[in-house]
Amino acid sequence: MNIFKSVAKAIQDFDLINKDDKILIGASGGKDSLALSYILSKMRYWKNSAFSLGAIYIQNNVTPYNKELESLYSSWNIPLAILSQPQKTGNVTSLDCYTCATQRRESIMHYAVEHGYNKIAFGHHLDDALTTLLMNLLLQGKIDVLEPKRYYESFHVTLIRPLFYTPEESIIRFVSQQAWHTQTCTCLRGTKGVRSEYRKRLESLTGGSLQEKMHLLTAFNSRKH
């Protein structure tokens with residue numbers, strides 16, 4: 001799948017980006033946020049796509065910082081802020097992915113409000129959305145998926161996920177072609193936790209077929225209308 005086309009389609013289908021938006025990218029240093037940052041850095045110069053970009057990296061006591069990030073974002077002309085914030089719990093091993101992600105998201109939202117951003121872009125992709133759907137179905141008995149767009153009234157900011165239609169396989173291939181050095185979460189909760197197990201179940205269910213994954217997403221989106 002052409003990654004630029006899938007991002008453009010998601011932006012159009014869900015009205016993710018508008019003229020004069022000021023967008024803050026959640027930069028983790030991983031493949032997803034790097035791909036998203038690069039794509040948006042190019043798309044902001046497309047016709048009728050005048051929006052501005054910034055990025056923020058939350059440095060914690062779990063994942064080591066990739067110093068190459070600063071030069072990459074500088075080459076893309078995206079200002080990168082680095083916020084040092086150790087995890088709020090004294091026992092890192094007691095963290096789960098949900099708690100860690102929530103803490104990070106709240107910090108990013110506070111920063112966005114303080115610096116005048118009206119939208120926050122995260123690098124969640126198609127497989128992330130469907131893994132969440134599968135987890136909610138089987139663990140909580142509800143049909144729910146990561147939203148491509150969500151307005152947080154308490155912060156007055158909108159969270160967007162432009163990679164919503166993009167499969168992880170396409171991102172891996174794209175980042176490999178660019179030869180970027182990426183970093184991943186080293187926490188065992190992320191690499192060997194429940195979410196990782198359900199990611200494997202998604203692949204088993206669909207046989208890795210992009211068509212079947214898109215059918216799952218289409219079925220979910222159809223029931224909302």
Side-chain angles (χ1 to χ4, degrees), residues 7 10-11 14-41 43-44 49-63 65-66 69-70 72-73 76-90 92 94-126 128-129 131-133 135-136 144-164 166 183-185 187 189-190 193 195:
V7 170
I11 290 173
F14 301 106
D15 192 29
L16 300 184
I17 298 176
N18 304 110
K19 185 178 179 181
D20 298 326
D21 275 342
K22 188 175 181 182
I23 303 171
L24 179 66
I25 300 169
S28 68
K31 66 183 187 314
D32 307 327
S33 64
L34 287 179
L36 174 63
S37 299
Y38 177 80
I39 291 166
L40 292 184
S41 75
M43 293 181 72
R44 65 182 160 178
S49 298
F51 57 87
S52 60
L53 293 171
I56 182 170
Y57 175 86
I58 306 295
Q59 187 171 10
N60 57 35
N61 52 339
V62 177
T63 304
Y65 175 58
N66 173 15
L69 273 185
E70 295 175 60
L72 269 179
Y73 278 85
W76 300 333
N77 197 25
I78 301 177
L80 175 67
I82 301 173
L83 181 62
S84 179
Q85 180 184 294
Q87 297 296 344
K88 294 179 181 178
T89 175
V92 172
S94 70
L95 282 173
D96 55 48
C97 291
Y98 177 81
T99 301
C100 185
T102 299
Q103 290 180 8
R104 177 172 171 266
R105 183 173 63 247
E106 288 180 353
S107 297
I108 292 174
M109 286 186 172
H110 281 295
Y111 183 92
V113 171
E114 292 169 2
H115 293 81
Y117 291 95
N118 68 309
K119 289 183 178 176
I120 297 170
F122 281 164
H124 299 115
H125 49 67
L126 173 66
D128 288 326
T131 298
T132 298
L133 174 61
M135 290 175 68
N136 284 330
D144 201 5
V145 71
L146 290 174
E147 297 172 284
K149 181 180 182 181
R150 181 179 178 183
Y151 179 67
Y152 285 82
E153 188 171 357
S154 57
F155 289 94
H156 301 292
V157 296
T158 299
L159 191 156
I160 61 174
R161 296 183 169 99
L163 295 175
F164 191 71
T166 307
Q183 67 182 51
T184 57
C185 178
C187 175
R189 296 277 182 164
R195 188 170 187 84

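The structure presented is a predicted model; accordingly, all values stated were derived computationally and were not measured.
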Inset, instruction - Could you pull out all residues at least two apart from Y151 that satisfy side-chain contact (heavy atoms from CB on, under 4.5 Å)? - result: E153, H156, T158
Inset, instruction - Working to the nearest 0.5 Å, report the span between CD1 of I17 and CG of L53. - result: 7.5 Å
Legend entry - Nearest-0.5 Å distance that lies between atom OG1 in T166 and atom CG in D32: 9.5 Å
Inset, instruction - Using the test salt bridge (charged side-chain N to carboxylate O under 4.0 Å, His left out), find all partners of D21 that sit at least two apart in sequence or belong to another chain. - result: K119
Legend entry - 4.5 Å side-chain heavy-atom contact, I39 and W76: no
Legend entry - Smallest separation among heavy atoms of I23 and A121, with atom names: CG2-CB, 3.8 Å
Inset, instruction - Would you confirm whether D144, through its side chain, and N136, through its main-chain N or O, come within 3.5 Å as a donor-acceptor pair? - result: no
Inset, instruction - Look up atom CD1 in I11 and atom CZ in F164, then write down how far apart they are to the nearest 0.5 Å. - result: 14.0 Å
Inset, instruction - Please check if any side-chain donor atom of S28 sits under 3.5 Å from a side-chain acceptor atom of R104, or the reverse. - result: no
Legend entry - Heavy-atom side-chain contact between I78 and L72 under 4.5 Å: no
Inset, instruction - Please report the shortest heavy-atom distance between S37 and I25, naming the atom on each side. - result: OG-CG2, 3.4 Å
Legend entry - Listed partners of Y152 passing ring pair (Phe, Tyr, Trp, His ring centres under 6.0 Å), at least two apart: none
Inset, instruction - Report the residues that fulfil side-chain contact (heavy atoms from CB on, under 4.5 Å) with A27, sequence neighbours left out, ordered by chain and then residue number. - result: A55, Y73, L80
Legend entry - Any residue meeting side-chain contact (heavy atoms from CB on, under 4.5 Å) with N77, in chain and number order, not counting sequence neighbours: R44, Y45
Inset, instruction - Would you give the length of the straight line joining atom OG of S33 to atom CD1 of I56, rounded to the nearest 0.5 angstrom? - result: 12.5 Å
Legend entry - Main-chain N/O of V157 paired with N118 side-chain donor or acceptor, under 3.5 Å: no
Inset, instruction - List in chain and number order the residues that pass ring pair (Phe, Tyr, Trp, His ring centres under 6.0 Å) with Y117, two or more places apart in sequence or in another chain; answer none if no residue qualifies. - result: none
Inset, instruction - Determine, step by step, whether M43 and V7 satisfy the side-chain contact (heavy atoms from CB on, under 4.5 Å) criterion, reporting the C-alpha distance in whole Å, the side-chain angles of both residues, the deciding distance to 0.1 Å, and the verdict. - result: CA-CA 10 Å; M43 293 181 72; V7 170; 3.7 Å; yes
Inset, instruction - Identify, with sequence neighbours excluded, every residue that meets ring pair (Phe, Tyr, Trp, His ring centres under 6.0 Å) alongside H124. - result: F122
Legend entry - Inter-residue atom distance L36.CG - L163.CG, 0.5 Å rounding: 5.0 Å
Legend entry - Flag, side chain of R195 to backbone of D128, donor-acceptor distance under 3.5 Å: yes
Inset, instruction - Indicate yes or no: at least one non-hydrogen side-chain atom of H110 is less than 4.5 angstrom from one of F155. - result: yes
Legend entry - Residues which pass ring pair (Phe, Tyr, Trp, His ring centres under 6.0 Å) with Y111, listed by chain and number, not counting sequence neighbours: H115
Inset, instruction - Measure the CD1-CG distance between I58 and L83 for me, rounded to the nearest 0.5 Å. - result: 4.5 Å
Legend entry - D20: salt bridge (charged side-chain N to carboxylate O under 4.0 Å, His left out) partners, not counting sequence neighbours: none
